[in-house]
Undergrad: 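Attaching a single structure in structure tokens format; questions to follow.
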Protein chains: 2
Amino acid sequence: MTNSPSSAIGLGLLLPFQIAQLHSALNAQAKVIVSRYGDLNLAQWRIVRVVALGIENTTTPVRKATGIDKSQFSKMLSALEEKGYVVLHPYDDDKRQHVIELTKKAYAAHDRLGPVLDARQKHLVAGLTEEEQAVIYKAIRVMAEAAEKTDFDVPIPNLEEE
Amino acid sequence: MTNSPSSAIGLGLLLPFQIAQLHSALNAQAKVIVSRYGDLNLAQWRIVRVVALGIENTTTPVRKATGIDKSQFSKMLSALEEKGYVVLHPYDDDKRQHVIELTKKAYAAHDRLGPVLDARQKHLVAGLTEEEQAVIYKAIRVMAEAAEKTDFDVPIPNLEEE
DNA sequence: TCAATAAGGTGGAAAAGTCAACGTTCTTGT
DNA sequence: ACAAGAACGTTGACTTTTCCACCTTATTGA
């Protein structure tokens, strides 16, 4: 699109890069939208969302569902509590964890932002057919799995170091 | 990498979120690979790569091609210069910019890493057909474009605030 | 020619994210 | 029952990334 790189690489070899670009763009977009509707950042919003949708409501499962590192999760949760979005209760089944309860403020934020982000989602895939969307989901799954491997022992001729 | 990559993927959650997860996984993978072959980080590697492929060789176009924020780009370029990967020359057509010249060290790094990342790329899409790959590229393009929009004025039914 | 505005790059500050050590709680095996 | 080991969340140090204000160079328009 901008300028087609020299054949060999072609467009083919730039996939991770393009995904990084796409992610960056999506992230920026989400950030603008979310910040316009409140004082939550993206990570905080995701936590609220997972709980609001009733997917999970205790710390570890929520953390896993949102894919946030446990250190940051702890910090974001504290921030949410401070800002009055959540109340943390002890969890009897596992006293290391907490039960996350959303406040009215959180639900209000969710009610406001949810539709906007739904509209955004629709907008994002508006130019794609159902079949194409299905392909994307498959591709994400496949690539995420393939991203596990890190040892690509290319037949390297004894490389001279510099 | 810290958080299990595949766990949250495939839960049927929203697309941007899954892309973020995928990006995170790909990023971690690339990080490991790149760091194993030298002292460049991802951003630095991309700069080297764009120049090595002859796509661009002056600052602004390289910056745009790599999609790196201009502040970080400046820092990464300084780091590359310090580490002896590039030499910066004044650019007469626009004295605000620089011409980026790669050193032998940079070319050597490129020669070593290029094949490995090519192998990685092949591995990533190994589970996808040609058609599916084509869909992905289209999807990325479509979504990246759609990510520009940030005003989703949803017809908000005047929701009662609390 | 000269001011006004835009674009590029730099550097400091803030935010986000990562990492490792620690205390508590849970689980497992004996 | 109890010790050993694992899982969880928290904290503080640290790194990376992002944001913003500033200075320089280009461009535009009068």
Side-chain angles (χ1 to χ4, degrees), chain A residues 20-21 23-32 34-36 38-47 56-83 86-100, chain B residues 1-5 7 20-21 23-32 34-35 39-47 56-83 86 88-100 150:
Chain A
Q21 301 266 65
H23 167 252
S24 172
L26 289 174
N27 215 44
Q29 182 190 40
K31 206 167 182 176
V32 169
V34 170
S35 70
R36 183 176 296 155
D39 57 351
L40 296 176
N41 64 27
L42 240 42
Q44 291 162 0
W45 163 251
R46 280 185 189 150
I47 294 172
E56 299 289 354
N57 75 329
T58 55
T59 43
T60 297
V62 170
R63 178 165 63 76
K64 300 228 164 130
T66 52
I68 302 172
D69 162 84
K70 73 175 182 175
S71 173
Q72 210 202 344
F73 186 83
S74 173
K75 289 163 188 167
M76 292 300 109
L77 205 53
S78 299
L80 282 173
E81 193 180 24
E82 254 180 37
K83 293 198 258 188
V86 306
V87 178
L88 299 178
H89 303 283
Y91 181 41
D92 288 336
D93 287 11
D94 184 341
K95 284 170 186 167
R96 294 169 302 181
Q97 299 186 47
H98 297 283
V99 173
I100 304 171
Chain B
M1 134 171 75
T2 41
N3 39 30
S4 54
S7 61
Q21 297 277 79
H23 167 252
S24 171
L26 290 174
N27 214 46
Q29 182 190 41
K31 205 169 180 177
V32 170
V34 170
S35 70
D39 58 350
L40 296 176
N41 64 27
L42 239 41
Q44 291 162 359
W45 163 250
R46 281 185 189 150
I47 294 173
E56 300 288 355
N57 75 330
T58 54
T59 42
T60 297
V62 171
R63 178 166 61 76
K64 302 226 164 130
T66 53
I68 302 171
D69 163 82
K70 71 177 182 174
S71 175
Q72 209 200 347
F73 185 81
S74 170
K75 287 160 190 164
M76 292 301 105
L77 205 52
S78 300
L80 282 174
E81 193 181 22
E82 257 180 34
K83 292 198 257 187
V86 306
L88 299 178
H89 304 283
Y91 181 40
D92 288 336
D93 287 10
D94 185 339
K95 284 169 186 165
R96 296 170 299 184
Q97 298 186 48
H98 297 283
V99 173
I100 304 171
T150 57

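Residue numbers start from 1 in every chain, and the chains themselves are labelled A, B, ... in the order their sequence lines are given, proteins ahead of strands.
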Undergrad: Can you tell me the distance, in whole Å, between the CG atom of A:Leu42 and the P atom of D:dT17?
TA: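 Nearest whole value for this atom pair: 17 Å.
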Undergrad: Think A:His98 has a side-chain N or O under 4.0 angstrom from the OP1 or OP2 of D:dT10?
TA: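 It does, given that an N or O in the side chain of A:His98 lies less than 4.0 Å from OP1 or OP2 of D:dT10.
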Undergrad: Which atoms form the tightest heavy-atom contact between A:Asp39 and A:Gln44, and what is the distance?
TA: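 So the two residues come closest at O-OE1, 4.0 Å.
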Undergrad: Could you tell me the separation between the CG atom of B:Asp39 and the C1' atom of D:dT16, rounded to a whole number of Å?
TA: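 Going from B:Asp39 (CG) to D:dT16 (C1'), I get 17 Å.
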Undergrad: On DNA chain D, compare the nucleotides closest to A:Lys31 and B:Asp92; which residue's is nearer the 5' end?
TA: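 Its nucleotide being nearer the 5' end, the pick is A:Lys31.
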Undergrad: Tell me: CG of B:Leu77 to C1' of C:dG8, nearest whole Å?
TA: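 From B:Leu77 CG to C:dG8 C1': 13 Å.
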Undergrad: Should the side chain of B:Arg96 and the base of D:dA26 be counted as holding a donor-acceptor pair, with the cut-off at 3.5 Å?
TA: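 Looking at the base of D:dA26, it does not pair with any donor or acceptor on the side chain of B:Arg96 (distance under 3.5 Å).
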Undergrad: Can you tell me how far P of D:dT16 sits from CG of B:Asp69, to the nearest Å?
TA: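 To the nearest whole Å, that distance equals 16 Å.
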Undergrad: Side chains of B:Ser71 and B:Lys75: any donor to acceptor distance under 3.5 Å?
TA: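 Indeed, the side chains of B:Lys75 and B:Ser71 share at least one donor-acceptor pair under 3.5 Å.
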Undergrad: Within the 4.0 Å heavy-atom criterion, would you say B:Gln97 contacts the bases, only the backbone, or no part of the nucleic acid?
TA: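 Sugar-phosphate, backbone atoms only, no base.
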Undergrad: Select base, sugar-phosphate, or nothing to describe what A:Lys70 touches, counting heavy atoms under 4.0 Å on all strands.
TA: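 Base contact.
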Undergrad: So, does A:Ser74 get its side chain near the phosphate of D:dG9, meaning an N or O under 4.0 Å from OP1 or OP2?
TA: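 So the side chain of A:Ser74 is outside the cut-off, no N or O lying under 4.0 Å from OP1 or OP2 of D:dG9.
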Undergrad: Please examine the side chains of A:Ile100 and A:Leu88, heavy atoms only from C-beta on, and report whether any two atoms are closer than 4.5 Å.
TA: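 Side chain of A:Leu88 against side chain of A:Ile100, heavy atoms only: contact under 4.5 Å found.
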Undergrad: Should the side chain of A:Lys75 and the base of D:dG9 be counted as holding a donor-acceptor pair, with the cut-off at 3.5 Å?
TA: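 No, the side chain and the base share no sub-3.5 Å donor-acceptor pair.
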Undergrad: What is the distance from CD of A:Gln72 to P of D:dC8, rounded to the nearest Å?
TA: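 Value for this atom pair: 18 Å.
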Undergrad: Applying a 4.0 Å non-hydrogen cut-off, can you work out what B:Asn41 is touching in the nucleic acid: base, sugar-phosphate, or nothing?
TA: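 Result for B:Asn41 = nothing.
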Undergrad: Which whole-number value in Å describes the distance from B:His89 NE2 to C:dG9 P?
TA: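 It works out to 16 Å between those atoms.
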Undergrad: Contact class for B:Thr59 vs. all strands (heavy atom < 4.0 Å): base, sugar-phosphate, or nothing?
TA: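 Sugar-phosphate, backbone atoms only, no base.
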Undergrad: What's the separation between atom CG in B:Leu42 and atom NZ in B:Lys31, rounded to the nearest 0.5 Å?
TA: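 If I round to the nearest 0.5 Å, the distance is 8.5 Å.
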Undergrad: Between C:dT10 atom C1' and B:Glu81 atom CD, what is the distance in whole Å?
TA: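 Roughly 13 Å, once rounded to whole Å.
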Undergrad: Taking the side chain from A:Ser78 and the backbone from A:Ser74, do they hold a donor-acceptor pair closer than 3.5 Å?
TA: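 Looks like yes, one N/O pair under 3.5 Å.
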Undergrad: Please figure out whether B:Asp94 or A:Asp93 has its closest DNA chain C nucleotide nearer the 5' end.
TA: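 Whichever sits nearer the 5' end wins; that is B:Asp94.
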Undergrad: Categorize B:Ser71 for me: base, sugar-phosphate, or nothing, with a 4.0 angstrom heavy-atom threshold over every strand shown.
TA: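 It contacts base atoms.
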Undergrad: I need the CD-P distance between B:Glu82 and C:dG11, as an integer number of Å.
TA: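 It is 11 Å, rounded to the nearest whole Å.
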